[in-house]
Amino acid sequence: MVLTQFRALKEQQKSGFAVLADPDKIAPADMHHLARLCNNAGVDYLLMGGSLLMIHQMELCIQRFKAESNIPVVLFPGSPAQVTPYADALLYLSLISGRNPELLIGQHVASAPQVKASGLEVISTGYIIVDGGTQTTVSYMSNTTPLPADKPDIALCTAWAGELQGKHAIYLDAGSGAKRPVSVEMIQKVSSNIAVPLIVGGGICTPEKVYDNCRAGANIIVVGNAIERDPMLIKDMAQAAKAGNEYVLER
Ligand code: 1GP
C-alpha cells in the first residue's frame, strides 16, 4: 500500500522521490523510456496528472509505464475526470489553502461513486498551494489565492486543520513551474509539527534543492517540469534524495 510506505517515510524521517508526468505533455510512446530511466535511478513513485487533460492518453501512458516498471503509479488529478483504475493509488485532493467550496467538497461529492468504483487506494490529501512567485496554472484553474510564501505559521495552521480533519497526508505545492519553490523554512515548520507524511513540489529544478528539501523534512519530493526539460536529471535527483536520507540517518 502506498500510504503505508508514505507513513514509513515519515516515521523514519526519510524522503521518497517522485517523478510527475503530465499526460498533456508526454506521449504514450515516451513512457517506456521514462520507465527505464525511473527504474535505473531508483525513483520511488510516478505521479500522473495535469491541469487539463485527455483521459485516454493518460490511461495509455500508465499502461505503457507499467509494462516496464513496478514503480507505483499515483494519480495527482487536476479534476475528477482524471480518476482511472489503471493507477495504484489516488491523491484525493482537497484544496485546503483555498476557499473554493467546489474544490473543498463539491467535486468530491459529484465524483464519489466513480472513486468508490475505481478500487484505487485513496490517500486523502490536504492540498496547500503556496505562492511560487508567478501565477501558476493551478491557482488560475482553481480560482483561489495561494498561501503567502513567507508565512510558515499560516502553512502550519492550514496543515494542522487538514490533519485534524483526518487527511492522510499534506501536500505543499508552489505550483508547476514555480519561480520560487516552497522554502526550506516552511517545509521544516510544517514537517516538524505534523504527524502525517508531507509531500512537497513545485519549481524544484536542481538535485541540491531535492537534497535540501529532504533534510528539511519533506517525505515525498515531486519534480515535473525540470525533468520534462531534462530527463537525465532523474538520476541525480533520485541520488540527492538518497544522500539526504543518509544525512538524516547519521544525524
Ligand atoms: C506541480 O508539484 C508539482 O503541481 C510539480 O511541479 O512541475 O514545477 O516540478 P514542477
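We number each residue from 1, following the sequence as shown. Counting starts at 1 for both ligands and their atoms, following the listed order. Quick caveat, the model's predicted, so the values are computed rather than measured.
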Would you list the atom pairs, donor with acceptor, under 3.5 Å between side chains in residues 151-160 and any protein atom, with sequence neighbours excluded?
unit_1: D153; atom_1: OD1; unit_2: K189; atom_2: NZ; d: 3.2
unit_1: T158; atom_1: OG1; unit_2: I154; atom_2: O; d: 2.7
unit_1: W160; atom_1: NE1; unit_2: N193; atom_2: O; d: 2.8

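The six-membered or imidazole ring of Y86 lies away from that of F65, with a centre-to-centre distance of 6.0 Å or more.
With sequence neighbours left out, the salt bridge (Lys or Arg N to Asp or Glu O under 4.0 Å) criterion links K10 to no other residue.
Of all heavy-atom pairs between R99 and T144, the closest is N-CG2, 4.2 Å.
Taking Ile, Leu, Val, Met, Phe, Trp and Tyr as hydrophobic and joining them when side-chain heavy atoms fall under 4.5 Å apart, one finds I105 in a cluster with V109.
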Could you list each nitrogen or oxygen of ligand 1 that sits under 3.5 Å from a protein nitrogen or oxygen, with the atom names and the distance?
unit_1: ligand 1; atom_1: 2 (O); unit_2: Y171; atom_2: OH; d: 2.9
unit_1: ligand 1; atom_1: 2 (O); unit_2: D173; atom_2: OD1; d: 3.0
unit_1: ligand 1; atom_1: 2 (O); unit_2: D173; atom_2: OD2; d: 3.3
unit_1: ligand 1; atom_1: 2 (O); unit_2: G202; atom_2: N; d: 3.1
unit_1: ligand 1; atom_1: 4 (O); unit_2: D173; atom_2: OD1; d: 3.4
unit_1: ligand 1; atom_1: 4 (O); unit_2: D173; atom_2: OD2; d: 2.5
unit_1: ligand 1; atom_1: 6 (O); unit_2: G202; atom_2: N; d: 3.4
unit_1: ligand 1; atom_1: 7 (O); unit_2: S176; atom_2: OG; d: 3.2
unit_1: ligand 1; atom_1: 7 (O); unit_2: N225; atom_2: N; d: 2.8
unit_1: ligand 1; atom_1: 7 (O); unit_2: N225; atom_2: ND2; d: 2.8
unit_1: ligand 1; atom_1: 8 (O); unit_2: G177; atom_2: N; d: 2.6
unit_1: ligand 1; atom_1: 8 (O); unit_2: G203; atom_2: N; d: 2.8
unit_1: ligand 1; atom_1: 9 (O); unit_2: G224; atom_2: N; d: 2.8
unit_1: ligand 1; atom_1: 9 (O); unit_2: N225; atom_2: N; d: 3.4

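Within a 6.0 Å radius of CD in E11, other residues, nucleotides and ligands contribute 12 heavy atoms or fewer.
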